[in-house]
Amino acid sequence: MNAREGVASFFLGAHKIVLTDTNYTLADFQDGSIEINDDSTESQVLDIGASFTSATNRFEITSIKYRVRLESVEGAGGIAFIPAGKGAREFMDEPELLISDSLDLYYGGLTEVDSADVKFSPVGDTRYTLSFTNIQGKQYTSVPFLSGKTSFHFGANDYDLEYTEGKLVNTTTTIGNVYNIGVNEYFILSKERADQEKAVTNVLRYRDYDSSKRTLEFEDLAGGTIRTVVDTTTRRGTLNVGGTSYTVEVNDTDLRDAPLFVDLNADNVFTDNAAVSVTTWGGLVISWDANKNFQALMTESQFDTSGVDEKFNWTVSASGEDLDLDFNESKYVGPLSSGTGAVRGFQFDEIESDSEKSVGMTDYGILITETNPDTSSDPNTLTLSVPSGQRFAQVFVTLGDVTASAGGAGSAQRVNPIAVGLAVLDSNAPAIGSDNLIVVGGPCANTVAAELLGNPEQCGADFEPGKAVIKSWDKNGKVAILVAGYEATETLGASRVLAAYSTYDLKGTEVEVVVADLNSISVKPAQ
């Protein structure tokens, strides 16, 4: 690549390639085809973007896009699924569509990120519990969630789980709150906010009211006891939980042992009987209605693409006292796929090796597992493995020998190609000092980087916004080079610097890369 001219050429191994687009003004693949070495390939695979200026008699091509559908070797029309660590070529019905015998698409698997499970678990046939971790890392295990005993309701057999606020009654004859939380009952706190994926959800149990001391006592189901004192006149106090203040009011004149009214969503509005949702670690928002129809939401703001929220649904139904859960894969909607389908749709299928489990992964990377016991009428279990951030597919375009020529002068330089399989995850990397390494990513995300930096106690302590580092070590005669920035943009900027090392005239064992943005990158000696 010539940085000044922006020209690059690659030898693909084909003697003749004919690209045809009968309608270059239309931005789609409907009218394009490609011919390789006099052999025609499928149609509707090419889109050439171009324009013609009659005044200058100039025809200008602005883009060439080639799309290949990876049909499986197992049969025409089948979809080719590529295992991690493999290239696409060996699984394709028509590998010649890749144009060159040396070109391949290598799939390195999904990016490795931390995850936490959300689990709806049956207890016998008549109850379900909920387990989740909130965004502050608090773990709620086996929260009593649904019961079929006596009536189909939220909570345990004898104690309700409240997720809607008591209602303020305000008429010409009556002023007062409907106190809907009794002693030993459970309730959900989750502050209402525009970015609900950042809300802190807590689950508490009302344990006691000491009328002489005007003290309310609560159990946080993630551990710990919370107490608050109520005002003598208003009988109101404040619950401080998870960094949010919630108003609570007690009715100490009621015959039901001092029931409560709680502002569950902390909006200081007591007139709308508002329902709260559960926000889990990773920013998944789970909501439901009185008919036990559930929806999980990952907002479009969490994706690297924008425009569509990710949503999926399940229901819990009752037959007498018995409960059962059913995941509804047909209602899945996401930025990349909607509904179900052979190519782009959400895939949710039974595992071949375990007929009791069906699994699917959402566009965001949430692994959904529904366990349906084969040998009994036991109710289903639903597990959502929620990642800390969006999971990405690691795909690399690989070639054999590559020749780069500078535009105009025709000079050429042989570049050593990177073979399939040399780009690996940190978990699969060779030991430091056993081979030459280029380590990409900081110590918070890359264990090899952490080892090179001495496993710092605070992994990101030495990194600053807008900056990255390129640093080398000699380990047993082998070179290890670290490319790492404060966030992904800085790391990408430093990677570009290393790729164009001759342009930046890198010297010494360490340099600092300043990345204002990817169009404004500078290099200076390390401080």
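This structure is a prediction, so every number in the text was calculated from the model and none was measured.
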Which heavy atom in [X] sits nearest to a heavy atom in [Y], and how many Å separate them?
{"X": "Glu490", "Y": "Ala468", "value": "O-CB, 3.5 Å"}
{"X": "Ile135", "Y": "Gly283", "value": "CG2-N, 4.5 Å"}
{"X": "Phe327", "Y": "Glu370", "value": "N-OE2, 2.9 Å"}
{"X": "Leu297", "Y": "Asp309", "value": "CD1-CB, 3.5 Å"}
{"X": "Glu90", "Y": "Gly87", "value": "CG-O, 3.7 Å"}
{"X": "Leu284", "Y": "Ala296", "value": "CD1-CB, 4.0 Å"}

State the [atom1]-[atom2] distance between [X] and [Y], to the nearest 0.5 angstrom.
{"X": "Ile82", "Y": "Arg89", "atom1": "CD1", "atom2": "CZ", "answer": "11.5 Å"}
{"X": "Leu382", "Y": "Thr369", "atom1": "CG", "atom2": "OG1", "answer": "8.0 Å"}
{"X": "Thr383", "Y": "Ile366", "atom1": "OG1", "atom2": "CD1", "answer": "13.0 Å"}
{"X": "Ser277", "Y": "Asn265", "atom1": "OG", "atom2": "CG", "answer": "9.5 Å"}
{"X": "Thr315", "Y": "Lys331", "atom1": "OG1", "atom2": "NZ", "answer": "8.5 Å"}
{"X": "Leu325", "Y": "Phe120", "atom1": "CG", "atom2": "CZ", "answer": "7.5 Å"}

Heavy-atom distance under 4.5 Å between the side chains of [X] and [Y], does that happen here?
{"X": "Lys471", "Y": "Val469", "result": "yes"}
{"X": "Ile368", "Y": "Thr362", "result": "yes"}
{"X": "Trp473", "Y": "Leu482", "result": "yes"}
{"X": "Phe132", "Y": "Lys119", "result": "no"}
{"X": "Thr489", "Y": "Leu492", "result": "no"}
{"X": "Arg391", "Y": "Val113", "result": "yes"}
{"X": "Thr164", "Y": "Leu264", "result": "no"}
{"X": "Lys65", "Y": "Phe29", "result": "yes"}

Does [atom1] belonging to [X] count more than 12 external heavy atoms closer than 6.0 Å?
{"X": "Asp462", "atom1": "CG", "answer": "no"}
{"X": "Lys311", "atom1": "NZ", "answer": "no"}
{"X": "Leu367", "atom1": "CG", "answer": "yes"}

Any chance you could lay out the side-chain contact (heavy atoms from CB on, under 4.5 Å) test for Phe303 and Met298, step after step, and finish with the verdict?
CA-CA 9 Å; Phe303 286 82; Met298 186 63 73; 4.0 Å; yes

Evaluation steps, side-chain contact (heavy atoms from CB on, under 4.5 Å), between Trp314 and Ile286:
CA-CA 11 Å; Trp314 63 94; Ile286 300 173; 4.1 Å; yes

Mind running salt bridge (charged side-chain N to carboxylate O under 4.0 Å, His left out) on Asp195 and Arg193 for me, showing each step along the way?
CA-CA 5 Å; Asp195 48 353; Arg193 48 189 298 164; 2.7 Å; yes

Among Asp31, Ile64, Ile61, Asp28, which one satisfies side-chain contact (heavy atoms from CB on, under 4.5 Å) with Asp21?
Asp31

Hey, does the side chain of [X] reach the backbone of [Y] with a donor-acceptor pair shorter than 3.5 angstrom?
{"X": "Thr491", "Y": "Glu487", "answer": "yes"}
{"X": "Asn291", "Y": "Asn293", "answer": "no"}
{"X": "Glu512", "Y": "Ile470", "answer": "no"}
{"X": "Ser434", "Y": "Pro430", "answer": "no"}
{"X": "Asn446", "Y": "Val448", "answer": "yes"}

Does the separation of the ring centres of Phe346 and Tyr332 fall below 6.0 angstrom?
yes

Do Phe294 and Phe312 have ring centres separated by under 6.0 Å?
no

Going by the rule side chain to side chain donor-acceptor pair (under 3.5 Å), which residues pair with Ser190 if we only count those two or more places apart in sequence or in a different chain?
Thr201

Which residues satisfy the side chain to side chain donor-acceptor pair (under 3.5 Å) test with Tyr140, sequence neighbours excluded?
Asn202, Asp220

For Thr279 and Glu197, run side-chain hydrogen bond (donor to acceptor under 3.5 Å, both in side chains): C-alpha distance rounded to whole Å, both residues' side-chain angles, the deciding distance at 0.1 Å, then the answer.
CA-CA 6 Å; Thr279 300; Glu197 70 275 7; over 6 Å; no

Could you walk me through whether Ser115 and Asp117 pass the side-chain hydrogen bond (donor to acceptor under 3.5 Å, both in side chains) check?
CA-CA 7 Å; Ser115 62; Asp117 286 349; 5.2 Å; no

Determine whether Gln302 and Gln390 satisfy the following criterion, side-chain contact (heavy atoms from CB on, under 4.5 Å), listing intermediate values before the conclusion.
CA-CA 7 Å; Gln302 304 275 74; Gln390 185 178 359; over 6 Å; no

For a quick check under 3.5 Å, do Ser358 and Glu350 share a side-chain donor-acceptor pair by atom type?
no

Thr133/Thr280 under side-chain contact (heavy atoms from CB on, under 4.5 Å): CA gap, chis, key distance, verdict:
CA-CA 6 Å; Thr133 302; Thr280 77; over 6 Å; no

